[in-house]
Amino acid sequence: MSVAPTRVVGTPADRLEGRDKVQGEATYAYEYEVEHVAYATPVVSTIAKGRIRSIDSSAALAADGVIAVLTWENAPKLPKAEGELAILQSPQVSYRGQIVGAVVAESYEAARHAELLVRFEYDVEEHDVELRADHPTLYKPGKVNPEFPTDTEEGDVERALEEAAHAIDETYTTPTEHNNAMEPHATIAIWDGPSLTLYDSNQGAHAHRETFAKTFDMPPEQVRVIARHVGGGFGSKGTPRPHAVLAALAARHVERPVKLAVTRQQMFTLTGYRTPTIQRLRLGCDERGMLTAIAHDVVEQTSTVDEFAEQTAVVTRMLYASPNRRTTHRLARLDVPTPSWMRAPGECPGMYALESAMDELAIAAGIDPIELRIRNDPEIDPESGNRFSTRNLVACLREGADRFGWKPGSRRNGRTLAGLGVAASTYPARRRPSQAHARRNGDGTFTMRVGAVDIGTGARTVLAQIAADELAVELDRIHIEIGDSAFGSAPVAGGSAGASSWGTAVVRACRLLRAGDEDEVHVDTSDSADAEEPLAKHGFGAIFVEAHVDVDTAEVRVARALGVFGVGRILNPKTARSQLIGGMTMGIGMALMEETRVDGRLGAFVDQDLAMYHVPVNADVLDVDATWIDEDDPHINPMGAKGIGEIGIVGTAAAVANAVHDATGVRVRDLPITPDKLVGRI
Ligand code: MOS
């Protein structure tokens with residue numbers, strides 16, 4: 001049998017679940033109808049640090065419809081639970097908004113009402129929630145997320161900086177930022193004897209199953225996690241969150257299924273966030289603009305209950321070469337929730353600083369910023385010494401300059417100052433082990449099952465496209481089922497590795513099905529995922545921005561933005577473009593709006609809703625476009641594709657900041673670029 005030519009991959013197929021979603025028929029975690037269900041709501045701490053002295057649940061228990069009040073005094077014990085998941089296990093309070101109890105009631109409204117009636121008294125201790133570059137608790141973590149060395153050093157940076165023809169030494173800061181997915185985190189927990197089923201809004205059914213099994217000290221086979229439709233995650237649903245543990249604890253306690261959704265306000269304390277960063281960048285170059293020194297020193301925070309060390313400077317190790325290089329990460333332990341994954345953790349804040357600094361160096365050296373990047377594009381990965389599988393940053397810069405009309409220099413039109421900015425973008429191209437299941441049905445259709453989760457990316461559609469090509473059938477012959485830990489192990493929808501990892505398993509399963517007589521096959525790619533060639537594998541891109549700044553109000557508008565990417569083969573141009581411009585839109589938010597302010601006295605995040613925490617809305621997003629160059633990288637997966645989930649955000653904030661500088665001559669080094677930082681300076 002000859003293999004049909006590729007037809008379906010690479011076409012702009014509509015999302016398979018699109019109609020269900022717009023018709024309200026796609027069922028999200030909280031919406032499953034479950035018999036005899038009870039409703040739980042978290043009770044959260046009103047202090048940032050201390051111990052619970054006493055609890056009075058009597059008024060809450062007497063309220064209509066209340067079934068139980070859970071606190072550390074009566075909650076089931078979880079000796080194996082770790083970090084933030086060890087809720088209701090002790091009277092210790094480690095951050096404001098920590099779960100200290102739950103009300104379980106016959107209705108959501110009854111639970112919300114009774115929540116206000118539970119009385120806690122605390123022995124309050126002094127808290128500290130404010131990150132400073134000289135914080136007394138700063139320490140060097142053993143590694144940075146997920147497994148990178150904390151520091152690196154090569155050559156003599158100090159001396160190279162002294163001898164450099166041009167050098168810059170600047171500090172850039174990014175604030176606390178929150179993911180704010182549209183669908184709040186939600187869980188339904190159902191115990192059936194020793195078995196636990198969770199309908200949960202998350203990015204990885206299998207990974208959640210493993211963590212829940214550990215937390216509740218039970219065999220993984222007894223836990224099933226279902227996440228068929230998820231309304232965004234951006235990292236915040238990549239790791240199990242404390243509210244889901246609470247739902248399962250409550251369900252066990254009242255011996256009924258329990259539904260629990262966090263409120264928008266609680267999403268600011270219970271679902272992770274991006275650490276603020278303080279980044280010192282020192283760059284030096286010779287007369288020709290060749291880098292002679294690169295130093296990136298990062299200060300950021302973690303909590304007292306867990307360690308999360310954002311890998312902010314790691315990207316600086318591979319983007320440009322220099323004989324003298326240094327990267328460091330230091331953490332302060334504060335009385336805050338633990339930071340976690342958010343939209344390209346590491347690369348995103350790190351590249352804001354590095355690519356701003358490159359712009360500053362280009363100006364200092366009198367070299368066009370695109371030319372400076374082209375001159376410093378390394379042949380091999382400076383960190384590992386390995387060849388790149390494919391690296392087309394230069395092509396992206398050139399193509400983008402051409403398409404965008406690269407001609408920097410401030411122009412004034414009435415009250416508006418206009419300028420252009422550029423920045424590089426990059427993100428690792430990964431593949432992780434995954435399983436997949438393929439079945440030939442009697443009617444000419446095929447059923448594919450993968451433990452993947454589609455968090456809005458189009459993963460379900462793309463996996464079906466891959467299967468259609470491998471089986472040489474039309475897309476409508478493929479039934480694709482995802483979002484269930486019962487479908488076998490599969491990696492989380494994160495690290496821009498979903499399509500790469502699950503897709504590889506789908507390819508293998510389909511090939512096995514075609515090659516043999518069996519009507520049903522199951523594959524596991526874990527064997528081959530280990531045997532990787534020593535290549536540096538990354539996607540690359542170039543982001544171009546035209547910023548308009550009002551000379552009176554100092555309001556910044558991104559009038560135009562273009563991303564040009566070299567990210568391997570594009571599996572579906574419609575969903576790909578959507579992901580890329582989505583990432584760029586988040587980058588505009590990071591540059592201009594997003595910030596969670598911290599109140600040092602109360603030990604609290606002040607911003608707790610979308611009225612205060614601004615993300616870009618339609619009116620903020622004018623002309624944003626993404627395109628890509630022809631690339632096919634055979635070294636990552638059989639599809640030739642690289643991940644595209646995160647590369648859109650990575651360079652965008654720097655491109656905006658660089659454009660604002662080009663327009664106004666003002667360099668804002670502390671995100672977000674709000675009018676107060678420009679007014680009076682332009
Ligand atoms: Mo993404 S922050 O890797 O879920």
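Counting starts at 1 for both ligands and their atoms, in listed order.
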A.B. asks: Restricting to ring-ring contact (aromatic ring centres under 6.0 Å, His included), what partner residues turn up for H178, sequence neighbours left out?
C.D. replies: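 Expected list: F268, Y273, F605.
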
A.B. asks: If every non-hydrogen atom of V545 is compared with every non-hydrogen atom of A561, which pair is closest and at what distance?
C.D. replies: CG2-CB, 4.1 Å

A.B. asks: Determine which pairs satisfy ring pair (Phe, Tyr, Trp, His ring centres under 6.0 Å) with at least one residue from residues 487-507, sequence neighbours left out, and list them in order.
C.D. replies: none

A.B. asks: Taking atom types as modelled, is there a side-chain donor on D200 or T187 under 3.5 Å from an acceptor on the other?
C.D. replies: yes

A.B. asks: Is a side-chain N or O of K259 found less than 3.5 angstrom from the main chain of Y32, in a donor-acceptor match?
C.D. replies: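 Yes; judged by distance alone, with no hydrogens or angles, the pair exists.
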
A.B. asks: With a cut-off of 3.5 Å and sequence neighbours excluded, list every side-chain donor-acceptor pair involving residues 638-650.
C.D. replies:
| residue | atom | partner | partner atom | Å |
| --- | --- | --- | --- | --- |
| K642 | NZ | T390 | O | 3.2 |
| K642 | NZ | T390 | OG1 | 2.7 |
| K642 | NZ | H538 | O | 2.7 |
| K642 | NZ | E631 | OE2 | 2.8 |
| E646 | OE1 | Y427 | OH | 3.1 |
| E646 | OE1 | G495 | N | 3.4 |
| E646 | OE1 | S496 | N | 2.8 |
| E646 | OE1 | S496 | OG | 2.7 |
| E646 | OE2 | A344 | N | 2.9 |
| E646 | OE2 | Y427 | OH | 3.3 |

A.B. asks: Output the set of protein residues with a heavy-atom contact under 4.0 Å to ligand 1, ordered first by chain identifier and then by residue number.
C.D. replies: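 Contacting ligand 1 under 4.0 Å are Q203, F234, G235, W341, M342, R343, A344, P345, A493, G494, G495, E646.
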
